[in-house]
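Heads up: the structure comes next, in structure tokens.
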Amino acid sequence: MEDQKQKNSELIYIVEDHEVIREGVRQYLELSGYVVRGFANLKSAREAFANQTPSLLIQDVMLPDGDGFAFVKQLKEKVDCPVIFMTARTEESDRILGFELGADDYISKPFSPKELVLRVQAVLRRYRNGSYEPSDGLLYVGDHWMCFDEQDHRLEVDGNQVVLTAAEWRILSHLIQNSHHLVSRSQILEECFDYTVESYERVVDTHIKNIRSKLGEGPWIETVRGYGYRFIGHEKERTEV
């Protein structure tokens, strides 16, 4: 029991203006061993982030002093913190937007507190232990090169440093591990996100789109229509003819 308590001692912020929901989630997470701070608005959350970055942020979207999506977008430019959106906005477009902004998960109201705790545990587990073996040396495709350093968590493409969200990093790392092999959307969901809900497969497409945009002009990731994706970079520089 003591080991579980130590394992779950991460600090979690909850930004939710509905007091009953906020306090209910806070109490349930504290019973699971987490340290939790709740905020009713974005102003107080910003002040808290200025002093300390939590292990995880649970973020409502519709708040009295602003939009949670915009808040997370600004936050991701400054700190590396996993995010779970918790909102009554259930449209697929909202869910996709949340993941585009770098969210690690998205849960719709109403929800089971137990389900939320399980999602929190999954996100933190991936964030703590989701590292893979580092890639050896440089990777090449066409006239482009990439240095993907898992150990130091650094990515450089054509001499430019590239910053990925935690979810994007896991996906790219998984594709590199399986270079030149087809990887389905469901496999990516299972290996990188711990769930295989079919409706979430579009989330994978959204992440891939963002990764490609950040990697630049090189055709690093190939789409296999109707199936998934393939990383086509190779370790040795091509031989000139």
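Just so we're clear, the structure is a prediction, and the values are computed from it rather than from any experiment. Values below: every heavy atom of this structure, side chains too, minus hydrogens, waters and symmetry copies.
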Please walk me through it: do R170 and T165 pass side-chain hydrogen bond (donor to acceptor under 3.5 Å, both in side chains)? CA-CA 9 Å; R170 289 193 300 272; T165 67; over 6 Å; no
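- Between the side chain of D67 and the main chain of A70, a donor-acceptor pair closer than 3.5 Å is present.
- Under the 4.5 Å side-chain criterion, counting only non-hydrogen atoms from C-beta, Q59 is not in contact with L75.
- The closest donor-acceptor contact from the side chain of K76 to the backbone of A103 lies at 3.5 Å or more, if one exists at all.
- Contact check for R46 versus Q74: side-chain heavy atoms found under the 4.5 Å cut-off.
- Taking CD1 of I58 as the start and CD1 of I21 as the end, the distance is 12.0 Å to the nearest 0.5 Å.
- Counting heavy atoms from C-beta outward, Y34 and V120 have side chains that approach closer than 4.5 Å.
- The number of heavy atoms from other shown groups lying within 6.0 Å of CD (E115) is above 12.
- Side-chain contact check for E30 versus V35: every heavy-atom pair is 4.5 Å or farther apart.
- Heavy-atom contacts from other residues, nucleotides or ligands closer than 6.0 Å to CD of E222 number more than 12.
- A donor-acceptor pair is defined here as one N or O able to donate and one able to accept, closer than 3.5 Å; such a pair exists between the side chain of N51 and the backbone of E47.
- A tilted orientation is assigned to the rings of F85 and Y106, their planes being inclined by 30° to 60°.
- At distances below 3.5 Å, not a single donor-acceptor pair connects side-chain atoms of K214 with backbone N or O atoms of V162.
- Of all heavy-atom pairs spanning D65 and K43, the tightest one is OD2-N, 3.0 Å.
- D105 contributes no side-chain N or O that, together with a main-chain N or O of I84, makes up a donor-acceptor pair within less than 3.5 Å.
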The test is side-chain hydrogen bond (donor to acceptor under 3.5 Å, both in side chains); show your working for Y229 and D205 and say whether it passes. CA-CA 9 Å; Y229 300 96; D205 297 336; 2.6 Å; yes
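- F148 and W169 have their aromatic ring centers within a separation under 6.0 angstrom.
- L56 is not listed as a side-chain neighbour of E10, based on a closest heavy-atom distance of 4.5 Å or more.
- Put simply, the side chain of E190 never gets that close to the backbone of Q187: no donor and acceptor are under 3.5 Å apart.
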When you look at I211 and I171, which way does the side-chain contact (heavy atoms from CB on, under 4.5 Å) test go after all the steps? CA-CA 9 Å; I211 292 170; I171 291 173; 4.0 Å; yes
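- Of the possible donor and acceptor atoms, one in the side chain of H180 sits under 3.5 Å from a partner among the backbone N and O of G233.
- A48 and F39 make their closest contact through CB-CZ, 3.3 Å (heavy atoms, listed as atom of the first residue, atom of the second, distance).
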Check the pair S44 / N41 against side-chain hydrogen bond (donor to acceptor under 3.5 Å, both in side chains), numbers first and verdict last. CA-CA 6 Å; S44 56; N41 52 59; 2.9 Å; yes
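- Here Y227 sits in one hydrophobic cluster together with L182, V224; the rule is ILVMFWY side chains under 4.5 Å apart, joined directly or through other members.
- Side chain of S112 to backbone of K114: a donor-acceptor contact under 3.5 angstrom is found.
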